[in-house]
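Heavy atoms only: backbone and side chains are in, while hydrogens, waters and symmetry mates are out.
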Amino acid sequence: MRGSAGLLLCSLLLVAPRCTEAAAQDVQPDSKTPCANWMGGAPGYPGHNGLPGRDGKDGKDGLKGEKGEEGMQGPKGDQGEIGVPGREGPRGFPGYPGQKGEKGEGAFVHRSAFSVGLKERAPHPNVPIRFSKIFYNEQSHYDASTGKFLCSIPGTYYFAYHLTVYLTDVKVSLYKKDKAVIFTYDQFQKNNVDQASGSVLLHLSSGDEVWLQVYGEGDNNGVYADNINDSTFMGFLLYPDLDVH
């Protein structure tokens, strides 16, 4: 009995797949008919989102867009650090002279000067030569009546004389306070008109007198002047003493 039952079971297992395949081929409905899925199961649930894909390659740059409108000016930034001085540039051309400025208030200028000439042909010896032809004596520091210059502003002065020599020799000296300071001698040449001159710088105090006179007893007084020949004497202040003025 057990052998007959096993043989029957094996026969059924071999026949069942064929019958099932044939039944499936016979009863499968047409997929185009409304009842094609009348035996389908319930719809399934949506699947889970897949993993993100990898980044693609960068595309090519597009065309340059149009220029946008100018934006509003931003706030002023902080002042930057002082940079390193640059190299000195080439020297420029001289500029044009500027306009003349207004006259300023000048400091007081001390003035003392004179320039005089001789009128007498032969001055007397051993007395001051009186130069009475006045060229300049604005401050009146030279006295034509005595032939002496009187110092009113202490300081350093320059004195000079230029004499025409005629008829005899000339020896003159420039005096300061009754003392001869310099001497000038010229030997006259017959039938000729000669010249003699001298100059000196002197420091004078207020009240000092300076003059020119013929030196000797009268044999050397050939100082001469006429309408075409002059003998002159002059002096002026170079600068005053700072401790006084």
Side-chain angles (χ1 to χ4, degrees), residues 1-113 136 138-139 152-158 160 199 201-204 235-245:
M1 287 294 292
R2 291 182 180 177
S4 298
L7 180 60
L8 179 63
L9 180 59
C10 290
S11 298
L12 291 174
L13 291 175
L14 291 176
V15 174
R18 293 180 182 177
C19 293
T20 303
E21 183 179 356
Q25 291 179 357
D26 293 338
V27 299
Q28 186 174 3
D30 186 0
S31 60
K32 296 180 181 182
T33 60
C35 297
N37 295 324
W38 66 274
M39 293 183 66
Y45 294 100
H48 297 288
N49 293 332
L51 297 176
R54 292 180 299 177
D55 294 339
K57 295 182 179 179
D58 294 338
K60 296 182 179 179
D61 294 338
L63 298 176
K64 185 177 181 180
E66 297 180 358
K67 185 177 180 181
E69 297 181 357
E70 184 177 357
M72 297 178 62
Q73 183 176 359
K76 183 177 180 180
D78 297 333
Q79 183 176 358
E81 297 181 359
I82 300 176
V84 180
R87 295 183 179 179
E88 184 177 357
R91 186 174 182 179
F93 295 101
Y96 295 102
Q99 296 181 353
K100 185 177 181 180
E102 297 180 358
K103 186 175 181 180
E105 297 181 0
F108 179 78
V109 178
H110 300 278
R111 294 182 176 89
S112 180
Y136 179 87
E138 185 175 340
Q139 295 82 31
S152 299
I153 305 173
T156 302
Y157 287 79
Y158 173 79
S199 60
L201 281 174
L202 295 176
H203 180 269
L204 303 180
F236 57 86
L237 174 67
L238 283 178
Y239 47 86
D241 291 342
L242 297 178
D243 56 345
V244 177
H245 297 278

Q: Specify the closest pair of heavy atoms between F236 and A113, including all atoms of both residues, with the distance to one decimal.
A: CB-CB, 3.6 Å
Q: Kindly compute the distance separating CG (L201) from OH (Y158), expressed to the nearest 0.5 Å.
A: 7.5 Å
Q | Spatial distance of atom CG (L238) from atom NE2 (H203) [nearest 0.5 Å] | A | 11.5 Å
(Q) Within the 3.5 Å criterion, strictly below it, is a donor on Y96 or Q99 matched to an acceptor on the partner's side chain? (A) no
Q | Nearest heavy atoms of I153 and P240, plus distance in Å | A | CG2-CB, 4.0 Å
Q. Within a radius of less than 6.0 Å around OH of Y239, do more than 12 heavy atoms belonging to other residues, nucleotides or ligands occur?
A. no
Q: Would you name the heavy atoms of Q139 and R111 that are closest together and state the gap between them?
A: CG-O, 3.5 Å
**Q.** T156 OG1 to L204 CG distance, which is reported to the nearest 0.5 Å
**A.** 8.5 Å
Q: Can you measure from CZ (R54) to NZ (K57) and round to the nearest 0.5 angstrom?
A: 10.5 Å
